[in-house]
Amino acid sequence: QVQLVESGGGLVQAGGSLRLSCAASGRTQSRHAMGWFRQAPGKEREFVATIHWVTASTYYADSVKGRFTISRDNAKNTVYLQMNSLKLEDTAVYYCAAGNLPSPRTSDYAYWGQGTQVTVSS
């Protein structure tokens with residue numbers, strides 16, 4: 001089992017920044033990729049970014065490319081999502097996930113956090 005706990009969400013004005021954190025514990029050696037997804041009200045959960053735990057290779061959704069940065073701290077077993085130039089449409093619950101391969105598909109992640117709310121206001 002892998003436990004994931006997100007933090008860092010909140011209310012921010014459009015154009016502002018937030019940094020989300022995801023702390024992993026448990027059998028962390030069983031996961032090789034960490035991902036961030038988000039879900040807005042009435043919409044399906046969508047891919048945001050993913051990172052390979054060992055190589056640190058990254059992949060982003062087109063909607064956040066150039067604005068969001070995913071990174072990891074091996075010593076702290078923590079993954080971050082730095083979000084800059086936030087837009088109204090970035091408002092969603094953001095979820096951290098752990099899986100075997102960096103992937104944009106929710107089905108490739110076996111473990112999920114509880115989510116953290118990000119609200120962008122005008």
Side-chain angles (χ1 to χ4, degrees):
Q1 284 285 71
V2 176
Q3 292 78 42
L4 304 172
V5 178
E6 303 100 331
S7 61
L11 175 64
V12 63
Q13 285 192 325
S17 298
L18 277 177
R19 189 177 81 155
L20 305 183
S21 300
C22 174
S25 61
R27 295 184 61 183
T28 56
Q29 64 270 28
S30 66
R31 85 297 179 262
H32 301 290
M34 300 290 288
W36 285 99
F37 291 77
R38 66 187 182 186
Q39 188 166 17
K43 295 188 177 181
E44 291 188 355
R45 192 168 298 188
E46 66 173 5
F47 168 73
V48 175
T50 185
I51 186 167
H52 192 279
W53 199 257
V54 175
T55 67
S57 60
T58 59
Y59 177 58
Y60 296 92
D62 288 343
S63 59
V64 306
K65 203 172 295 183
R67 300 189 298 123
F68 290 10
T69 302
I70 188 171
S71 62
R72 90 278 191 257
D73 185 326
N74 288 1
K76 295 182 178 180
N77 269 345
T78 299
V79 173
Y80 304 97
L81 185 68
Q82 178 66 44
M83 306 186 294
N84 298 329
S85 302
L86 282 162
K87 304 177 180 180
L88 296 179
E89 52 264 40
D90 293 320
T91 295
V93 176
Y94 282 71
Y95 296 90
C96 173
N100 289 328
L101 293 173
S103 168
R105 299 180 300 194
T106 58
S107 58
D108 286 331
Y109 295 85
Y111 303 100
W112 292 84
Q114 81 289 349
T116 185
Q117 176 70 47
V118 172
T119 303
V120 183
S121 65
S122 59

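Because only heavy atoms are used, hydrogens play no part in the values below, and waters and symmetry mates are left out as well, while side chains stay in.
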Nearest heavy-atom pair of [X] and [Y]: which atoms, and what distance?
X      : Y      : value
Tyr95  : Gly113 : CD2-O, 3.6 Å
Ser21  : Thr78  : CB-CG2, 4.3 Å
Ile51  : Arg72  : CD1-CD, 3.7 Å
Pro102 : Ala33  : N-CB, 3.3 Å
Trp112 : Arg45  : CE3-NH1, 3.4 Å
Leu101 : Tyr109 : O-OH, 4.0 Å

(message) One pair to check against side chain to side chain contact (heavy atoms under 4.5 Å, CB included): Glu44 and Thr106. What are the steps and the verdict?
(response) CA-CA 10 Å; Glu44 291 188 355; Thr106 58; over 6 Å; no
Check whether any side-chain heavy atom of [X] sits under 4.5 Å from a side-chain heavy atom of [Y], and report yes or no.
X     : Y     : answer
Gln82 : Asn84 : yes
Leu4  : Met34 : yes
Thr91 : Arg38 : no
Glu6  : Tyr94 : no

(message) Testing Tyr59, Phe68, Trp36 one by one against Phe47 for a ring pair (Phe, Tyr, Trp, His ring centres under 6.0 Å), which residue passes?
(response)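 Result for ring pair (Phe, Tyr, Trp, His ring centres under 6.0 Å) with Phe47: Tyr59.
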(message) On the six-membered ring of Tyr80, is Arg19 placed so that its NZ or CZ lies under 6.0 angstrom from the centre and within 45° of the ring axis?
(response)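 The answer is yes; both the distance and angle limits are met.
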(message) To the nearest 0.5 Å, what is the distance between CD on Gln13 and CG on Leu88?
(response)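 One finds 10.5 Å between CD of Gln13 and CG of Leu88.
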(message) With rounding to the nearest 0.5 angstrom, report the OG1 to OH distance, Thr50 to Tyr60.
(response)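 It comes to 10.0 Å.
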(request) Go through the steps to decide whether Lys87 and Asp90 satisfy the test salt bridge (Lys or Arg N to Asp or Glu O under 4.0 Å), and finish with yes or no. (result) CA-CA 5 Å; Lys87 304 177 180 180; Asp90 293 320; over 6 Å; no
Is [Y] reachable from [X] through a run of I, L, V, M, F, W or Y residues, each pair having side-chain heavy atoms under 4.5 Å apart?
X      : Y     : answer
Leu81  : Val12 : yes
Tyr111 : Val48 : yes
Val2   : Phe37 : no

(message) Other residues, nucleotides and ligands only: do more than 12 of their heavy atoms fall within 6.0 Å of NZ on Lys65?
(response)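 More than 12 heavy atoms, drawn from other residues, nucleotides or ligands, come within 6.0 Å of this atom.
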(request) Kindly check if the number of other-residue, nucleotide or ligand heavy atoms within 6.0 Å of CD (Gln114) is above 12? (result)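 Yes, because the 6.0 Å sphere around CD of Gln114 holds more than 12 heavy atoms from other groups.
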(request) Begin with the C-alpha distance, continue with both residues' side-chain angles, and end with the deciding distance and a verdict on side chain to side chain contact (heavy atoms under 4.5 Å, CB included) for Met83 and Arg67. (result) CA-CA 6 Å; Met83 306 186 294; Arg67 300 189 298 123; over 6 Å; no
